[in-house]
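The structure under discussion appears below in the form of C-alpha cells.
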Amino acid sequence: MTYSIGRWSLLGATAFAFVAVATPGIAQLSKAGKRTNTTVTSTAALPEAQLSRAELESHLRFIASDELQGRRTGSAGNMAAARYLAEQFRQLGLKPASDNNSYYQPVALQRTQPTASGTIRFGADSLTVGKQFVVVAGGAMSQTAESVYVGYGLTAEDYAGKDVKGKFVVTQVGSAEAKSPRDLISAMTAKRKLASERGASGIIELFASPATPWTFANRFFNSEQLSIPVAEAPGQTPILHIWADNGKGQLAGLKDNKAVTVRTSGRAAQPVNAVNVAGIVEGTDPALQSEYILLTAHYDHIGTAKAGTGSVTAADTIYNGARDNGMGTVALLAAAKTLMAQHPKRSVIIVALTGEEVGLLGSRYYAEHPLVPLKQTIFNFNIDGAGYNDTSIISVIGLERTGAKAEIEQAAAQFGLGVFAEPAPEQGLFDRSDNVSFAAKGVPAPTLSEGFKAFDEELMKNYHQVSDNPDTIDYDYLLKFCQTYARAARLIADRKTRPVWIAGDKYEAAGKALYGQ
C-alpha cells in the first residue's frame, strides 16, 4: 500500500511552525535554532510534562505481560487487565461511572461454537454446512417452510406487504453500502431484530461480495465466535441466521417462495463475562461541566496460539499486544492522571473498551448503553493502531473530519511530534476501530494511532505477532505519545466551542440529529 507524505512534508511542517510561534506554552526557537528557556519552562509546567517514562513503562509491562496471556475477551487475563485498570482509576480518584459505585460496565456477550452438521434443500438443490453455507447464529433446527425475499431486510419498507411469520426470510448480504467484512457482519443485528419481530423462523443471507471472498466468510464462521446476543421479540426464541454462498447467483431460486428445508445442529452458545472499565473526571466550568469528552482505547487483544500457527513457535505462543493496544491503554491512564491533577473545564469520561478484536463489541455495547447520555458526549478521542514505523509523528484517522485538528496538532507540537493525517484512505480505517461505534451515533470521533505512514514491512512485522511485546517498544516514544494524547484531551475539553463534523461528512447528519442542530 502507498501513502502520500508530501502533504505532511509541506503543509504539516508549515502548520507546525505556525503553531510553535502563535501558541502560548510551546517552546520558541531562537535565531540559532535553540529553544529558549522562557517557553520551555511553561511547557515543562504542564501536568502532561510531569508524566514519567518509568511509570508508563511499568503500566505497559504489566498490561502486555505474558501472565495476561494476550488479554483475549472473555479470558482470565482480560479480566485481570480490567481489574488493574479499575484499581488505577480508583487510586487516581476518578469517579466510578457505572452502577453501584463501580468502574465496571458489564458487557453481555456470548460465545458460540461452529456448527457440527447441517443441510439446506430447496427444489433439486442441496447445500452442506461448512461448504456452501454457514450458520452465523441460532440453535438447532429441523423445519420446512416457505421463503420470502425482502431485499436487504434492513428497513420496515423491505417487509411492507409481506407475511414472513413462520417462514425463512431471504436477503442480500449486508447492506448497499457495506464493503468490508466488518460492515457485512455489523448489519446482521438489525436484520435479526426485524425478522424476529415479525415472527420469521430464520434468515438466509445470499452472500456475494466483491470485496470479501466466500472463503473468508466460511473460515470465519467455522470458528469460535464472540458476539452480543440479539434481544428477540417477546415470546420469540432466537432465530436461525445463515449465510449462503451466492457468488455466481446460483441461489436465485431461494427468492421464489419455494419450500425450503433446513436441518442443522446450530451454534451452541454460552454466556461470557466481559466488562468495559469507566471512570469520570468532573469538569470545573459550571457552564460546560455537563458536556463530556469521551476518551477510549480497547484493552483486549487476541490471546494465544499453538506453535506452528503463522510465526508462532514453541518458545513464544502469546500475542502480548504491546502496541495493539497496550500503548493506547497506557495513554488512557496517562490522561486520567493528568486530568485529575488539573481538572479541565468540561467533564471527561474515560472508558477502556473490551472486545474490539472480536468485532468492536465493547464500543458497540457502550454506544447502545452509554454511561453518560450521548447527547452530552460532544467528542470521542479514540486510540488504536497496528503499531509504528515513524517515531517522529502521531497518525490521526479522522483529523480533517472531526473538528479538533488545531488542538491535536498543538498538543503534538508541544511534545516534539508531528501529525500525519488520514493515513491510507483507501483502507477505510476510520470505520474499522471503536470510534465508528460513536461516529455512527453522531459523535465526532477520530482515532489516534502510533506514527505510521504505510502498512510496510516494519509495521507488519509486529502487527498481531508474538513479537509485539514489551521488550520491543520504544519507551521514549511511548512517553511522547501519551503526553500528546493527554494534552490534546485537555485542550479539547477546554475549548470554548464544541468540535463538529466538517460539512458534507457522511456522519454529519447523524451529528445534527443527535445534538438537535
Side-chain angles (χ1 to χ4, degrees), residues 86 89 92-107 275-298 332 335-336 338-340 342-354 360 362-383 398 401-408 433-448 485-502 505-517:
F89 285 1
L92 292 169
L94 276 71
K95 177 183 175 182
S98 198
D99 294 334
N100 301 317
N101 202 37
S102 175
Y103 293 103
Y104 286 169
Q105 180 189 35
V107 178
V275 295
N276 293 327
V277 186
I280 291 173
V281 179
E282 294 180 315
T284 60
D285 189 321
L288 297 176
Q289 64 186 188
S290 63
E291 297 179 353
Y292 287 80
I293 306 299
L294 169 63
L295 304 183
T296 56
H298 74 89
L332 286 188
T338 58
L339 292 169
M340 285 300 296
Q342 181 181 316
H343 287 232
K345 294 179 181 179
R346 287 184 178 84
S347 297
V348 178
I349 181 166
I350 302 175
V351 185
L353 297 162
T354 195
L360 313 182
S363 61
R364 284 173 50 200
Y365 188 87
Y366 183 96
E368 294 297 330
H369 308 86
L371 298 174
V372 171
L374 289 184
K375 190 172 184 178
Q376 294 173 234
T377 305
I378 68 164
F379 194 80
N380 167 226
F381 197 15
N382 184 53
I383 313 176
R401 300 169 56 181
T402 50
K405 182 174 183 284
E407 288 77 14
I408 295 170
S433 187
D434 286 315
N435 64 300
V436 74
S437 297
F438 307 109
K441 297 290 188 180
V443 180
T447 290
L448 171 67
Y485 179 72
R487 180 63 178 159
R490 177 184 302 284
L491 292 171
I492 296 165
D494 283 345
R495 276 178 56 124
K496 292 182 179 179
T497 60
R498 297 180 172 198
V500 296
W501 294 101
I502 63 167
D505 193 274
K506 76 175 189 176
Y507 294 115
E508 181 190 21
K512 289 182 175 180
L514 176 63
Y515 302 122
Q517 298 170 335

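Here the structure is a predicted model, which means the values were calculated and not measured. One is the number of the first residue; the rest follow in order along the sequence.
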Exam field: side chain [X] to backbone [Y], donor-acceptor pair closer than 3.5 Å:
X: Asn380; Y: Leu294; result: yes
X: Ser98; Y: Tyr104; result: yes
X: Ser347; Y: Gln289; result: yes
X: Tyr365; Y: Val275; result: no
X: Gln105; Y: His369; result: yes
X: Trp501; Y: Gly442; result: yes
X: Thr402; Y: Gly398; result: yes
X: Arg401; Y: Tyr507; result: no

Are the side chains of [Y] and [X] in contact, using a 4.5 Å heavy-atom criterion?
X: Leu94; Y: Ile350; value: yes
X: Val500; Y: Tyr515; value: no
X: Phe379; Y: Glu291; value: no

- Just checking, any donor-acceptor pair under 3.5 angstrom between side chains of Asn435 and Thr296?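 Judged by distance alone, the side chains do not pair up.
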
- Message: One pair to check against side chain to side chain contact (heavy atoms under 4.5 Å, CB included): Ser437 and Tyr366. What are the steps and the verdict?
- Response: CA-CA 9 Å; Ser437 297; Tyr366 183 96; over 6 Å; no

Closest approach of [X] to [Y] (non-hydrogen atoms, all atoms of both residues):
X: Ile349; Y: Ala97; value: CD1-CB, 4.0 Å
X: Pro444; Y: Ile378; value: CD-O, 3.5 Å
X: Val351; Y: Ala278; value: CG2-CB, 3.9 Å
X: Ile492; Y: Pro499; value: CG2-CG, 4.1 Å
X: Leu295; Y: Tyr485; value: CB-OH, 3.2 Å
X: Leu374; Y: Ala367; value: CD1-O, 3.6 Å

- Derivation of the salt bridge (charged side-chain N to carboxylate O under 4.0 Å, His left out) call for Lys441 and Glu368: CA-CA 9 Å; Lys441 297 290 188 180; Glu368 294 297 330; 2.7 Å; yes

How long is the straight-line distance from [atom2] of [Y] back to [atom1] of [X], given to the nearest 0.5 Å?
X: Arg487; Y: Thr338; atom1: CZ; atom2: OG1; answer: 9.5 Å
X: Ile293; Y: Lys345; atom1: CD1; atom2: NZ; answer: 12.5 Å
X: Asp434; Y: Leu353; atom1: CG; atom2: CG; answer: 5.0 Å
X: Ser363; Y: His298; atom1: OG; atom2: NE2; answer: 9.5 Å
X: Thr447; Y: Phe381; atom1: OG1; atom2: CZ; answer: 9.0 Å

- Message: Applying side chain to side chain contact (heavy atoms under 4.5 Å, CB included), can you list everything that pairs with Gln376, at least two apart in sequence or on another chain?
- Response: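 For Gln376 the side chain to side chain contact (heavy atoms under 4.5 Å, CB included) partners, ignoring immediate neighbours, are Ser290, Tyr292, Val372, Pro373.
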
- Task: Output, in order, the C-alpha distance, side-chain angles, deciding distance and verdict of side chain to side chain contact (heavy atoms under 4.5 Å, CB included) for Arg346 and Asp494.
- Result: CA-CA 6 Å; Arg346 287 184 178 84; Asp494 283 345; over 6 Å; no

- What salt bridge (charged side-chain N to carboxylate O under 4.0 Å, His left out) pairs are there with at least one residue in residues 506-517, not counting sequence neighbours?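 As it turns out, the salt bridge (charged side-chain N to carboxylate O under 4.0 Å, His left out) pairs with a partner in residues 506-517, which skip direct neighbours, are Asp431-Lys506, Glu508-Lys512.
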
- Item | Arg490/Glu407 ion pair, N-O < 4.0 Å |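 Salt bridge absent between Arg490 and Glu407.
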
Tabulate below the donor-acceptor pairs under 3.5 Å that side-chain atoms of residues 279-286 make, not counting sequence neighbours, or state none.
{"residue": "Thr284", "atom": "OG1", "partner": "Pro344", "partner atom": "O", "Å": "3.3"}
{"residue": "Asp285", "atom": "OD1", "partner": "Ala287", "partner atom": "N", "Å": "2.8"}

